[in-house]
Protein chains: 2
Amino acid sequence: MPARGVTSLDVARLAGVSQSTVSRVFSAEDRVSEETRARVLAAAQNLGYQPNVLARSLTTQQSNIVGIVTHISNPFYPYIIEKLTRKLQEMGRQTLLFSVEPDQDVDEILPLVLQYRVDALIITSASLSSEMASQCERQGTPVVLFNRYVPGAKVSAVCCDNIEGGRLVANLLLDAGHKRLAHIAGRAPTSTNRDREKGFADRLRERGYGTWLRDESDHAYQSGREAAQRLFRRPDRPDAIFCVSDAVAFGAIDAARYDCGLRIPEDVSIVGFDDLPTAAWPAYSVTTIREPVNRMVDLTLELLVERIEHPQAEPVLELLPGQVVKRTSARLAI
Amino acid sequence: MPARGVTSLDVARLAGVSQSTVSRVFSAEDRVSEETRARVLAAAQNLGYQPNVLARSLTTQQSNIVGIVTHISNPFYPYIIEKLTRKLQEMGRQTLLFSVEPDQDVDEILPLVLQYRVDALIITSASLSSEMASQCERQGTPVVLFNRYVPGAKVSAVCCDNIEGGRLVANLLLDAGHKRLAHIAGRAPTSTNRDREKGFADRLRERGYGTWLRDESDHAYQSGREAAQRLFRRPDRPDAIFCVSDAVAFGAIDAARYDCGLRIPEDVSIVGFDDLPTAAWPAYSVTTIREPVNRMVDLTLELLVERIEHPQAEPVLELLPGQVVKRTSARLAI
DNA sequence: GCATATAATGCATTCGTATTCACTGATATA
DNA sequence: TATATCAGTGAATACGAATGCATTATATGC
């Protein structure tokens, strides 16, 4: 029976009170007599009234909406978004989701995001330019980068220590006595891709290891599988591959076993990065670097709330260590 | 330099025009002289002005926001949400994401969703009660169920024909001469779970097949693996299992190979449902029923737009056929 | 019994934008 | 030349809720 717009005024009329009073009942615990409150709630129930959050946000200058910009097809992210959304919901905030292509610039979509007056913004896909970062700052919209950072920019970020992670892998593979190393990198120019490769390369050089092979992927299974095929068909086939992510590692493992007839780990060792749930499945059993996702999610939300409440606070870069998870996809030192 | 709230009025003052004119420049192509338009845009650029979508939605009675209620941990859904979000974005609408536990009732969260005055609502997780459905209707919020339907309710739905899918699997397994069938069902009381099992069971009975084994899972890998273990440890071990989803099939395959030392498909056939990308990976190579996700997504959005534009239109139930995808996880008739 | 503090409520305004109506000046039509 | 038409613009108001201030009713203190 009630149409689209049941307003607080309708409820007020039915309950025989003013619109202000209805508002008081539904917003903060302002002083309203118990009797009035009951009458208002009954009237609201009766009409099926729900406060209009959008209208409320006009006066309160808070939307209770947090924007998340992401690229879901990398299977690492649905997992993260699930956690973020769940916890934001518990905090009484909702998630406005923006999807970008991995090669698409976040800058393009940012003006759109800002039109929604989100209270804060989490970016988990390709990074954003420093200009856009400062545009957000000027608008007073706090930004937290998840698993990315922009060196110069004044933006908070929560990140796995990808450089150290790359170094851990280099140690792991050299310690086990592998002779022909290779790296399948990520194509996108993100700090994550750069750092994993950099840590790996730095450590190899430090330990006096000569040259290694390199190929590229877009962080997904198929391109990882193709990159691995190219590597395996070389005359100087690698005996160990460090993959920029677990998804790529799955592709590399299938390429070895099913496309090239190689045994894992006897003929070739594969190491991934992320520790997706699938990495633990016995069909893959990927040795990998685990990102501390729970702590990363918690920290992200802490930083977010901190900056919503104290907008003038300085941006923070949190760097969390990854952890080696030894499984059976790589031959390791005893 | 510009603080949080740069409004159309600020732009108007700087450009030496009225607020109305600024509004005209930024909303529909209302008649504004080229010269004025340029001046306004310059001023807006200068101040970093972005129209406030929330305020706009107050007068237009359209939020351009579509709510999606989902349960992401089933890997079928991230994939869907990605597609939906992408296409909604192209239509100029954004996605407000709500996460629910698989056992959590959508009814609980619905009032919250309605407070955001979403233009429409897509529900991909557990179904909602008919009462809530009519509550949405009364509010004038069109609802489309994705891969679910509620028999009595006046709600549109786009669904794979799960009954027919179950029948297809029954035929497939009987035709190949399997003798001891089993079904790993989904625990949640959704139409999807019910229908897949019903189609399978109906067809088995029609063909005079006696009794079959049954176990349950929550649609995820781990519980599928455990259910399969229980089945394989029975004295009357099945020689074929129909799994309610691919994720469960992955678990069943690993249970067979790694937990129970069975060969696939020589010792046991596994059939899934959904055709996730992972089902095509050679490590699993799951014979399954493919849901026509692209058409389902397109249809969902068509129904959505249709009902946003014609709110009084009758709800529609679209039932799309699934398709058998033959891979190597099941022994099949030649 | 009167002044004062306090609780409960209403009135009026505000948030930022869209939109109706009225107005101006210019052009086209008779 | 007078009138109708129309493009371009501004003034005023509405959307739904929050809130500062004013008002009333009640309780407290003396």
Side-chain angles (χ1 to χ4, degrees), chain A residues 2-41 43-44 47-65 114-119 139-141, chain B residues 2-41 43-44 47-65 114-119 139-141:
Chain A
R4 175 107 207 174
V6 182
T7 79
S8 57
L9 194 58
D10 299 326
V11 177
R13 277 197 273 260
L14 182 59
V17 298
S18 72
Q19 180 266 326
S20 319
T21 300
V22 176
S23 169
R24 289 195 178 99
V25 170
F26 278 92
S27 52
E29 292 307 311
D30 220 347
R31 53 233 155 86
V32 177
S33 74
E34 270 317 308
E35 190 220 318
T36 310
R37 175 187 308 278
R39 223 170 50 242
V40 168
L41 287 177
L47 297 173
Y49 169 75
Q50 295 288 349
N52 183 332
V53 176
L54 272 33
R56 171 180 290 169
S57 75
L58 248 193
T59 55
T60 60
Q61 301 285 45
Q62 282 218 10
S63 62
N64 282 342
I65 296 178
L114 295 180
Q115 292 184 3
Y116 282 84
R117 298 298 189 267
V118 294
D119 289 342
Q139 271 240 350
T141 307
Chain B
R4 176 109 206 171
V6 182
T7 77
S8 56
L9 193 58
D10 299 326
V11 177
R13 277 197 274 261
L14 182 60
V17 298
S18 72
Q19 180 266 329
S20 317
T21 300
V22 177
S23 168
R24 289 196 178 98
V25 170
F26 279 90
S27 51
E29 292 308 311
D30 219 347
R31 53 233 156 88
V32 178
S33 74
E34 270 317 307
E35 191 220 318
T36 310
R37 176 187 307 277
R39 226 174 45 245
V40 168
L41 287 176
L47 296 174
Y49 169 75
Q50 296 287 350
N52 183 331
V53 175
L54 271 34
R56 172 179 291 170
S57 74
L58 247 194
T59 55
T60 61
Q61 301 285 48
Q62 283 219 6
S63 61
N64 281 342
I65 296 178
L114 294 180
Q115 292 184 3
Y116 282 85
R117 296 299 188 267
V118 294
D119 289 343
Q139 271 242 349
T141 307

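Below, read A as the first sequence line, B as the second, and so on, with proteins coming before strands; counting in each chain starts at 1. Small disclaimer: the values here were computed from a predicted structure and weren't measured.
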Base, sugar-phosphate or nothing for [X]? Non-hydrogen atoms, less than 4.0 Å.
X	answer
A:Thr21	sugar-phosphate
B:Ser33	sugar-phosphate
B:Ser57	nothing
B:Val22	nothing
A:Val17	sugar-phosphate

Rounded interatomic separation in angstrom, taking [atom1] from [X] and [atom2] from [N]:
X	N	atom1	atom2	result
A:Arg117	C:dC15	CZ	P	14 Å
A:Phe26	D:dT19	CZ	C1'	18 Å
A:Gln115	C:dT17	CD	C1'	13 Å
A:Leu9	D:dA18	CG	C1'	14 Å
A:Tyr49	D:dG16	OH	C1'	8 Å
A:Gln62	C:dT14	CD	P	22 Å
A:Leu54	D:dA14	CG	P	21 Å
B:Arg31	C:dC21	CZ	P	13 Å

Which comes earlier along DNA chain D counting from the 5' end, the contact point of A:Arg56 or that of B:Gly16, where each point is its nearest nucleotide?
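Its nucleotide being nearer the 5' end, the pick is B:Gly16.
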
Pairwise 5' ranking along DNA chain D for B:Glu34 and B:Leu58, keeping only the more 5' one
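By nearest-heavy-atom nucleotide position, the 5'-most residue is B:Glu34.
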
Tell me whether the OP1 or OP2 atom of [N] has a side-chain N or O from [X] closer than 4.0 Å.
X	N	value
A:Ser8	D:dA17	yes
A:Tyr116	C:dG16	no
B:Ser18	D:dG10	yes
B:Thr7	C:dG16	no

Flag the pair B:Ser8 / B:Tyr49 as yes when at least one side-chain heavy-atom distance between them is below 4.5 Å, and no otherwise.
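Yes - at least one pair of side-chain heavy atoms lies under 4.5 Å apart.
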
Side chains of A:Leu14 and A:Val11 in contact at under 4.5 Å (non-hydrogen atoms)
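No, their side chains stay 4.5 Å or more apart.
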
Identify the two heavy atoms, one from A:Val118 and one from A:Ser63, that lie closest to each other, and give their separation to 0.1 Å.
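Distance-wise, the nearest heavy atoms are CA-OG, 3.7 Å.
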
Look at the side chain of [X] and the base of [N], then say whether one donor and one acceptor between them are separated by less than 3.5 Å.
X	N	answer
B:Arg24	C:dT20	yes
A:Ser20	C:dC11	yes
A:Gln61	D:dA18	no

Ignoring the backbone of B:Thr36, work out which of D:dT9, D:dA18, C:dA18 is nearest its side chain.
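That would be D:dT9.
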
From C-beta outward on A:Gln19, which listed nucleotide comes closest to its side chain: C:dA12, C:dG16, C:dT9?
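Closest of the options to the side chain of A:Gln19: C:dA12.
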
Derivation and outcome, side-chain hydrogen bond (donor to acceptor under 3.5 Å, both in side chains), residues B:Ser18 and B:Thr21
CA-CA 5 Å; B:Ser18 72; B:Thr21 300; 3.3 Å; yes

Evaluate A:Leu41 against A:Val25 for side chain to side chain contact (heavy atoms under 4.5 Å, CB included), listing each step before the verdict.
CA-CA 8 Å; A:Leu41 287 177; A:Val25 170; 3.9 Å; yes

Under 3.5 Å side-chain donor-acceptor pair for A:Ser33 and A:Thr36:
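Checked: A:Ser33/A:Thr36 side chains pair up, N/O donor to acceptor below 3.5 Å.
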
